[in-house]
Amino acid sequence: MGIIIKPIVTEKATGLTDKLGKYAFKVVKDADKEQIKAAVEKAYNVKVVSVNTAVVKGKVKSRYTKAGIITGSTSDYKKAVVTLKKGDTIDFYSNI
């Protein structure tokens, strides 16, 4: 299994990409910044300037069923925001 799990394509992450040239990825929890940088450069053939990471806490979710209210939560994950060199871009939609 690789370091990068999947890119984060939300409104907020896309806004970062359009304005600042930053891309967000969901990564393995025990990966450090150097490993993330190497994985992004290898996977997308770009030059990474900096990497910022954060552990995102899972949300509490509940459902109403016949048996009553069932509560649970989504799992925590690590998010990496990668800044690329000026002029480099990543196209997530090229292989659709």
Side-chain angles (χ1 to χ4, degrees):
M1 184 168 150
I3 300 292
I4 300 171
I5 297 172
K6 66 179 183 178
I8 298 174
V9 186
T10 60
E11 264 186 74
K12 191 172 186 179
T14 307
L16 278 176
T17 300
D18 294 340
K19 293 178 184 172
L20 303 173
K22 296 183 179 189
Y23 295 85
F25 295 95
K26 187 174 183 179
V27 296
V28 178
K29 253 190 167 175
D30 58 348
D32 62 5
K33 291 183 181 186
E34 290 299 321
Q35 292 173 334
I36 295 167
K37 179 180 177 178
V40 171
E41 286 179 346
K42 183 179 177 190
Y44 296 103
N45 198 18
V46 293
K47 178 71 176 140
V48 175
V49 176
S50 69
V51 178
N52 296 0
T53 59
V55 176
V56 179
K57 298 296 179 189
K59 295 180 179 178
V60 176
K61 302 244 180 174
S62 60
R63 286 186 299 194
Y64 297 96
T65 63
K66 284 183 183 178
I69 300 172
I70 299 173
T71 45
S73 65
T74 60
S75 56
D76 300 346
Y77 66 93
K78 188 171 198 175
K79 176 171 69 172
V81 179
V82 176
T83 306
L84 301 182
K85 186 180 86 174
K86 200 78 161 170
D88 283 352
T89 59
I90 296 175
D91 186 16
F92 295 131
Y93 305 108
S94 63
N95 58 0
I96 293 178

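One is the number of the first residue; the rest follow in order along the sequence.
Not counting sequence neighbours, the partners of Asp76 by the side chain to side chain contact (heavy atoms under 4.5 Å, CB included) test are Lys29, Lys57. Looking at residues two or more places apart in sequence or on another chain, you find a side chain to side chain contact (heavy atoms under 4.5 Å, CB included) between Lys47 and Lys37, Glu41, Lys85, Asp88. Checked against ring pair (Phe, Tyr, Trp, His ring centres under 6.0 Å), Tyr23 has the following partners two or more places apart in sequence or in another chain: Phe92.
Although no hydrogens or angles enter the test, the distance criterion places no donor-acceptor pair under 3.5 Å between the side chain of Lys79 and the main chain of Val56. Between the side chain of Thr17 and the backbone N or O of Lys22 there is at least one donor-acceptor pair closer than 3.5 Å.
Minimum heavy-atom separation, Val48 to Leu84: CG2-CD2, 4.1 Å. Counting all heavy atoms, side chain and backbone alike, Gly2 lies closest to Val28 at O-CG2, 3.3 Å. Looking at every heavy atom in both residues, Val27 comes nearest to Ile4 through CG1-CA, 4.3 Å.
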Could you go through Glu11 and Thr14, starting from their C-alpha distance and side-chain angles, then the distance that decides it, and tell me whether this counts as side chain to side chain contact (heavy atoms under 4.5 Å, CB included)? CA-CA 5 Å; Glu11 264 186 74; Thr14 307; 5.9 Å; no
Would Tyr44 and Val82 satisfy side chain to side chain contact (heavy atoms under 4.5 Å, CB included), going step by step from the backbone distance to the final call? CA-CA 12 Å; Tyr44 296 103; Val82 176; over 6 Å; no
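Taken to the nearest 0.5 Å, the OG1 atom of Thr74 stands 6.0 Å off from the NZ atom of Lys61. With rounding to the nearest 0.5 Å, the separation of CD1 in Ile3 from NZ in Lys78 is 9.5 Å.
When the shell of 6.0 Å around CG of Asn45 is examined, it contains 12 or fewer heavy atoms from other residues, nucleotides or ligands.
Criterion: ILVMFWY side-chain heavy atoms under 4.5 Å apart, direct or through other members. Under it, Val49 and Val81 are not part of a common hydrophobic cluster. Residues Val9 and Val46 share a single hydrophobic cluster, defined by chaining ILVMFWY side chains whose heavy atoms lie under 4.5 Å apart.
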